[in-house]
Undergrad: 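Sending over a structure as structure tokens; questions will come in a sec.
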Amino acid sequence: MSEETNVQESAPAETISQEAMDNFVTLKKGDTVKGTIVKIEDNQAYVSLGYKYDGVIPLRELSSVQLENAADAVTIGQEVELKVVSIDDEKEKLVLSKKVIDGERAWDVLQARFDSGEVFEVAVADVVKGGLVADIGVRGFIPASMVERHFVEDFSDYKGRTLRVKVKEIDRENNKVILSQKEVLDQEFEQNKQQIIGDLQVGQELEGTVQRLTPFGAFVDIGGIDGLVHVSELSWQHVAHPKDIVTEGQAVRVKVLKVDPAAGKISLSMKAAEPGPWDNAGSKFNTGDIVTGTVRRIVNFGVFVEIAPGVEGLVHISQLAHRHVATPHEVVQEGQEVKAKVLDFNPAEKRVSLSIKETEEAPEQAPRPERAPRQQKIEAIDNPNVSLSNQSMSYSLAERFGDKLSKLK
């Protein structure tokens, strides 16, 4: 093969190279370009965009939030729109920014979402003091108090999670965007709550889970909403504090006592969902039985004694002691354990009559003093002016003053 032939064969290659040079895009600082990610390193990503050499996106220009690795923001083969930050053909250095383009577009979108109240998804990019950070074209901050409906102590496992949020506050001038997931959850909770309340019926029995305890009762989740079981409705027996009966997370059966859609309140009862104490009391007690119970209430006319969980009987004040009792507090105190005799038992009417004195031996009566002899009849007075009879003594004016009147004549 001759040297001439070699020259002719190489000519087309030179022509293609010249055509490629003619097709290269022209760039200047501030231009907006589109390219494809072709390589990713820890602190930067390389982009092919039809220029005579590839551009680079530094880590700081990839996202509005702090990243640890460029792979957290882009992937190989991804098409991206970028802003030319600087260009140096002599050093073949082309610096691009994804963050600037994302930010320019983000503000208008975020303003529209704020105005409409739109719910959208974000990925948690970082966990910082006071809350979470998300890349939404600009830096979006979710305060700790706006993440969940409940208190969260540790957010360390939230990084990478996808949350549904609303724009709570937007300030373009100060580059500030506040997001809230709690507002989304609250709205959904209220919608769900109203639907559940609308379906509830008084007397309906449901399965629930104890969510939290307070001194006045327990809040039970009955399918997305909480109802209150007042301390008096936890058990048929006396309850000093809910923690004595239930624990958080415990599964319980409850009965609906009251539903107030306007106030969004539901009153529940655990004891009403169980057999009542009087249902089984009929086989436990009989008239004449001696029972042991606890004084629960003291009233003016007697005391109420609990002889079984939820079964109280009345000891009338006259049945407290063999002696006269002016007030029940003279004999018993609340919480005191006593023995009593069942005088009358009527489970159908939920009534028990008890006697404490019938369980005690009556004190010996002191001997009665001998009766004094009847007084002797008054001896007749030797006075002609006095007349005595068995029934009475009588006087007459003539007899009493007769001699005196005669002297006046």
Side-chain angles (χ1 to χ4, degrees), residues 25 27 29-89 91-110 113 119-144 146-148 152-168 170 172 174-181:
V25 296
L27 297 176
K29 182 179 179 180
D31 284 350
T32 299
V33 295
K34 289 183 179 180
T36 303
I37 305 294
V38 294
K39 183 181 177 181
I40 298 176
E41 295 179 349
D42 289 346
N43 62 347
Q44 60 190 5
Y46 291 88
V47 184
S48 173
L49 38 74
Y51 196 58
K52 50 192 173 183
Y53 53 87
D54 291 340
V56 63
I57 312 173
L59 190 65
R60 68 178 181 276
E61 295 296 336
L62 276 168
S63 173
S64 59
V65 300
Q66 186 175 351
L67 300 176
E68 296 178 0
N69 193 298
D72 295 337
V74 291
T75 58
I76 292 178
Q78 178 181 347
E79 291 188 358
V80 289
E81 191 168 358
L82 308 162
K83 179 81 74 174
V84 177
V85 176
S86 64
I87 184 169
D88 188 340
D89 286 337
K91 296 182 179 179
E92 293 190 348
K93 186 175 182 181
L94 172 61
V95 179
L96 306 167
S97 175
K98 179 176 179 290
K99 176 178 73 174
V100 172
I101 295 295
D102 290 345
E104 288 176 353
R105 291 180 172 178
W107 285 111
D108 292 338
V109 173
L110 289 170
R113 285 174 168 172
V119 177
F120 58 99
E121 292 186 347
V122 298
V124 177
D126 200 7
V127 178
V128 296
K129 183 178 180 181
L132 310 175
V133 174
D135 182 2
I136 49 174
V138 294
R139 183 181 186 273
F141 182 61
I142 311 173
M146 297 184 185
V147 178
E148 303 286 357
V152 178
E153 186 173 358
D154 183 10
F155 287 99
S156 59
D157 63 342
Y158 273 70
K159 186 173 182 178
R161 284 195 191 184
T162 298
L163 306 180
R164 292 177 303 118
V165 299
K166 280 186 173 184
V167 179
K168 183 73 174 176
I170 184 170
R172 187 167 186 171
N174 293 307
N175 199 37
K176 178 182 178 182
V177 180
I178 303 298
L179 306 174
S180 172
Q181 178 178 244

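Predicted, not measured: the structure shown is a model, and the values here were computed from it.
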Undergrad: Is there a donor-acceptor contact under 3.5 Å from the side chain of Asn174 to the main chain of Lys176?
TA: no
Undergrad: Could Asp108 and Arg172 be called an ion pair, given the rule that one side-chain N must be under 4.0 Å from one carboxylate O?
TA: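 Judged by the 4.0 Å cut-off on N to carboxylate O distance, Asp108 and Arg172 do form a salt bridge.
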Undergrad: Is Leu132 close to Phe141 at the side-chain level, that is, under 4.5 Å between some pair of heavy atoms?
TA: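 Phe141 does not reach Leu132 side chain to side chain.
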Undergrad: Please examine the side chains of Asp89 and Lys52, heavy atoms only from C-beta on, and report whether any two atoms are closer than 4.5 Å.
TA: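 Result yes, sub-4.5 Å side-chain heavy-atom pair found.
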Undergrad: Should Asp102 and Lys98 count as an ion pair when the cut-off is N to O under 4.0 Å?
TA: yes
Undergrad: Is there a side-chain contact between Val122 and Thr162 in this structure, where contact means two heavy atoms from C-beta onward sitting under 4.5 Å apart?
TA: no
Undergrad: Quick one: does any side-chain atom of Gln44 pair with a main-chain N or O of Pro58 as donor and acceptor, under 3.5 Å?
TA: no
Undergrad: I want to check something: taking the side chain as every heavy atom from C-beta on, are Val177 and Trp107 in contact at a cut-off of under 4.5 Å?
TA: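 They are in side-chain contact.
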Undergrad: With a 4.5 Å limit on heavy-atom distance, are the side chains of Leu179 and Phe120 in contact?
TA: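 In contact.
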Undergrad: Identify which one of Asn43, Asp72, Asp42 satisfies the side-chain contact (heavy atoms from CB on, under 4.5 Å) criterion when paired with Leu67.
TA: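 It is Asp72, the one option of Asn43, Asp72, Asp42 that forms the side-chain contact (heavy atoms from CB on, under 4.5 Å) with Leu67.
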Undergrad: Are Glu148 and Tyr158 linked by a side-chain donor-acceptor pair shorter than 3.5 Å?
TA: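 There is such a pair (donor and acceptor under 3.5 Å, judged by atom type) between the side chains of Glu148 and Tyr158.
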Undergrad: Pick one: which of Ile57, Leu82, Val85 meets side-chain contact (heavy atoms from CB on, under 4.5 Å) with Ser97?
TA: Val85
Undergrad: Taking only Lys NZ, Arg NE, NH1 and NH2, and the carboxylate oxygens of Asp or Glu, determine whether Lys83 and Glu104 approach each other closer than 4.0 Å.
TA: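 The answer is yes: the pair qualifies as a salt bridge.
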Undergrad: Is Val47 close to Thr36 at the side-chain level, that is, under 4.5 Å between some pair of heavy atoms?
TA: no
Undergrad: With a 4.5 Å cut-off on side-chain heavy atoms, are Leu110 and Ile136 touching?
TA: yes
